[in-house]
Amino acid sequence: MDGFLQKFFRGVYEKKQRAHENNYCKFNDQGLSAFTSSLYLAGLVASLVAGPVTRIYGRRTSIICGGSSFLVGAILNATSINLAMLLMGRIMLGVGIGFGNQAVPLYLSEMAPTHLRGALNMMFQLATTSGVFTANMVNYGTQKLKPWGWRLSLGLAAGPAVLMTVGGIALPETPNSLIERGMRDKGRKVLEKIRGTKNVDAEFEDMVDASELANSIKHPFRNILVKRNRPQLVMAILLPAFQILTGINSILFYAPVLFESMGFGRNASLFSSAVTGAVLCSSTFIAIATVDRVGRRFLLISGGIQMITCQVIVSIILGVKFGDNQKLSKGFSVLVVVVICLFVVAFGWSWGGLGWTIPSEIFPLETRSAGQSITVAVNLLFTFVIAQVFLSLLCAFKFGIFLFFASWILVMTVFVYFFLPETKGVPIEEMIFLWRKHWFWKKIVPGNPNDDTQNEEGKGVGPDSVSS
């Protein structure tokens with residue numbers, strides 16, 4: 001919005017007014033990039049703090065902390081009178097995201113029955129994509145309210161913040177967390193309530209066994225390095241990194257910039273980004289309907305192939321038809337939007353939700369909070385880096401930016417094919433058996449967990465050594 005840029009980023013606003021500015025470089029401003037990416041750096045730090053909080057005080061506590069921080073950030077941004085206040089609000093939003101992203105996927109995975117875990121966990125992605133779509137529509141509407149429309153746009157973030165905080169207060173704690181913290185009777189009652197039956201003996205015993213092992217681990221971040229947790233650690237690092245390296249955040253964050261650079265009008269650019277947000281939200285329903293039927297691997301691989309195809313097509317169109325001082329014809333502009341929407345659809349049913357679902361379901365209880373913290377931290381680290389450098393990369397690579405992301409999607413698709421086992425229908429406390437059967441990971445994960453413990457005790461990272 002011009003009013004926002006005039007107040008806080010006048011240099012960017014002045015660049016926009018230059019008629020002959022390089023199409024790919026007119027929005028290249030490190031101050032604007034720092035504003036965008038500061039949220040994710042704050043979230044990275046907060047996610048590491050949220051790990052111990054989630055484990056010691058429960059999933060609900062972290063959800064409430066996340067909602068409260070987000071509320072404070074929304075208020076600060078809406079009432080900002082200078083850049084420092086704006087950045088402080090952005091940082092508080094980041095803290096909210098760090099706590100929320102750490103706790104909510106865990107909460108969903110632990111509350112869901114095995115046969116519905118994928119679909120229910122996808123609700124996290126549905127909420128995220130709905131928020132993206134809503135934000136785009138809010139921006140599209142409030143940009144006409146000059147000069148204060150941007151304040152309303154930023155302040156409306158308080159709405160979901162309140163819902164998140166109230167939800168954290170009203171919802172029950174997960175049985176896994178209650179049992180881990182010594183409240184077995186209460187944990188069983190919650191388990192019976194959410195399963196709708198008193199016949200939960202087998203699942204309850206699995207949780208008790210897992211909690212006993214979890215309570216013997218005093219340093220989860222150290223224990224996550226033992227060999228039996230090596231596959232999960234690799235996934236917790238690579239899957240969120242790959243999710244960001246699809247390029248989706250760059251497209252969504254800077255969609256108005258991209259479309260305006262391609263020659264769309266200012267209103268049309270916001271409208272086009274609203275369309276991509278709606279497509280992303282809608283595509284999540286495909287994942288919800290299919291993830292527990294066709295499995296995680298099929299969705300990731302098929303989505304990867306479609307995303308590569310779309311990135312290459314967009315790159316070719318821009319390389320041939322879109323020069324430094326040119327505008328795309330109406331026909332090619334529409335084609336670019338359609339292909340980008342097809343890319344967004346593929347992301348929505350694949351890496352969008354599964355980048356969060358899979359890491360939240362593969363860790364044993366003793367390292368689950370630490371593992372999720374690593375997942376969130378890596379996700380936000382890569383989001384921070386890409387958000388910070390994207391405008392510079394766009395200026396340097398031009399249309400090649402899409403080939404850059406396409407090459408990464410090729411790498412991640414091959415990785416999934418060879419190294420990610422199918423987790424569909426596997427109880428959350430039995431995931432360890434997947435790695436022991438996998439052609440590659442069985443060479444690393446010991447067949448007997450006690451073997452791993454004995455081997456690591458001498459290194460100071462076994463359960464007995466860390467609990468002393």
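Across Val138 and Leu156, no two heavy atoms sit closer than the pair CG1-CD1, 3.8 Å. Taking each heavy atom of Ala103 and Ile63 in turn, the nearest pair found is CB-CG1, 3.8 Å. Closest approach of Gly304 and Thr413 over heavy atoms only: CA-OG1, 3.5 Å. The two residues Pro172 and Tyr107 come nearest to each other via the heavy atoms O-OH, 2.6 Å. In terms of heavy-atom proximity, Val95 sits nearest to Ser69 at CG1-OG, 3.5 Å. The heavy-atom pair separating Pro427 from Gly425 by the smallest distance is CD-O, 3.6 Å.
When atom types are taken as modelled, the side chain of Arg297 and the backbone of Leu420 share a donor-acceptor pair closer than 3.5 angstrom. Formation of a donor-acceptor pair under 3.5 Å by the Ser373 side chain with backbone atoms of Gly51 is found in this model. Distance alone, capped at 3.5 Å, is enough to place a donor-acceptor pair between the Asp292 side chain and the Ala119 backbone. With Arg59 contributing its side chain and Leu108 its backbone, the two residues share no donor-acceptor pair below 3.5 Å. When atom types are taken as modelled, the side chain of Thr246 and the backbone of Gln243 share a donor-acceptor pair closer than 3.5 angstrom. Judged by distance alone, with hydrogens and angles left aside, the side-chain atoms of Gln372 form no donor-acceptor pair with the main-chain N or O of Val104 at under 3.5 Å. When atom types are taken as modelled, the side chain of Gln306 and the backbone of Leu342 share a donor-acceptor pair closer than 3.5 angstrom. Of the possible polar contacts, one joining the Lys424 side chain to the Arg293 backbone as a donor-acceptor pair under 3.5 Å is found. Counting only distance, with no hydrogens or angles, the side chain of Thr367 and the backbone of Pro220 share no donor-acceptor pair below 3.5 Å. At distances below 3.5 Å, at least one donor-acceptor pair connects side-chain atoms of Ser68 with backbone N or O atoms of Ile64.
A salt bridge links Arg184 and Glu212; the closest N-O separation between the charged side-chain nitrogens and carboxylate oxygens is under 4.0 Å. The existence of a salt bridge linking Arg368 and Glu110 is confirmed by a sub-4.0 Å separation between a basic side-chain nitrogen and an acidic carboxylate oxygen. Classification of Arg60 and Glu173 as a salt-bridged pair fails, no side-chain N sitting under 4.0 Å from a carboxylate O.
Between Phe419 and Phe440, the distance separating the two ring centers is shorter than 6.0 angstrom.
Between Trp351 and Leu239, the closest side-chain pair of non-hydrogen atoms falls below 4.5 Å. Side-chain contact between Val49 and Phe99: present, with at least one pair of heavy atoms (C-beta onward) separated by less than 4.5 Å. Leu280 places none of its side-chain heavy atoms less than 4.5 Å from the side chain of Thr276. Annotation: side chain of Arg230 is not in contact with side chain of Val445 (no heavy-atom distance under 4.5 Å). For the pair Ile179/Leu365, no side-chain contact is recorded, criterion being any heavy-atom separation below 4.5 Å from C-beta on. The shortest side-chain heavy-atom distance between Phe415 and Val234 falls under the 4.5 Å cut-off. Using a 4.5 Å heavy-atom cutoff, the side chains of Met307 and Ile248 are not in contact. Side chains of Met235 and Ile374 form no contact here, defined as non-hydrogen atoms less than 4.5 Å apart.
Of the inter-residue distances, the one linking Leu154 atom CG with Asn139 atom CG reads 8.0 Å to the nearest 0.5 angstrom. Summarising the geometry, atom OG belonging to Ser109 is positioned 10.5 Å from atom CZ belonging to Phe124; distances are rounded to the nearest 0.5 Å. Put simply, CG on Leu116 and CD1 on Ile288 are 11.5 Å apart, with the number rounded to the nearest 0.5 Å. Remark: Thr383 OG1 to Leu41 CG distance equals 11.5 Å, nearest 0.5 Å. Rounding to the nearest 0.5 Å places CZ of Phe221 at 6.0 Å from CG of Leu48. Distance check: Thr375 OG1 to Ile362 CD1 gives 7.0 Å after rounding to the nearest 0.5 Å.
When Asn379, Leu44, Leu380 are each tested for a side-chain contact (heavy atoms from CB on, under 4.5 Å) with Ile97, only one passes: Leu380. Applying side-chain contact (heavy atoms from CB on, under 4.5 Å) to Leu245 and the options Val411, Ile386, Val385, Leu238 leaves one that passes, Ile386.
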Stepwise, does the side-chain contact (heavy atoms from CB on, under 4.5 Å) test hold for Phe418 with His438? CA-CA 10 Å; Phe418 285 105; His438 189 268; over 6 Å; no

Are Gln311 and Leu403 close enough, and set up right, to give a side-chain contact (heavy atoms from CB on, under 4.5 Å), and what steps lead you there? CA-CA 6 Å; Gln311 295 272 33; Leu403 295 178; over 6 Å; no

After noting the C-alpha distance and the side-chain angles of Trp435 and Ile444, does the key distance pass the side-chain contact (heavy atoms from CB on, under 4.5 Å) rule? CA-CA 9 Å; Trp435 313 109; Ile444 298 173; over 6 Å; no

Criterion side-chain contact (heavy atoms from CB on, under 4.5 Å) on Phe343 and Val339, from CA distance to verdict: CA-CA 6 Å; Phe343 169 87; Val339 176; 5.8 Å; no

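In this pair, Phe404 and Phe397 present their aromatic rings tilted. The plane angle is within the 30 to 60° band. Taking the six-membered ring where the residue is Trp, Phe242 and Trp408 present tilted rings, their angle falling between 30° and 60°.
Among residues at least two apart or in separate chains, side chain to side chain donor-acceptor pair (under 3.5 Å) pairs with a member in residues 42-55 are Thr54-Ser62, Thr54-Gln102, Arg55-Glu180.
No donor-acceptor contact under 3.5 angstrom links the side chains of Glu366 and Asn229, judged on distance only.
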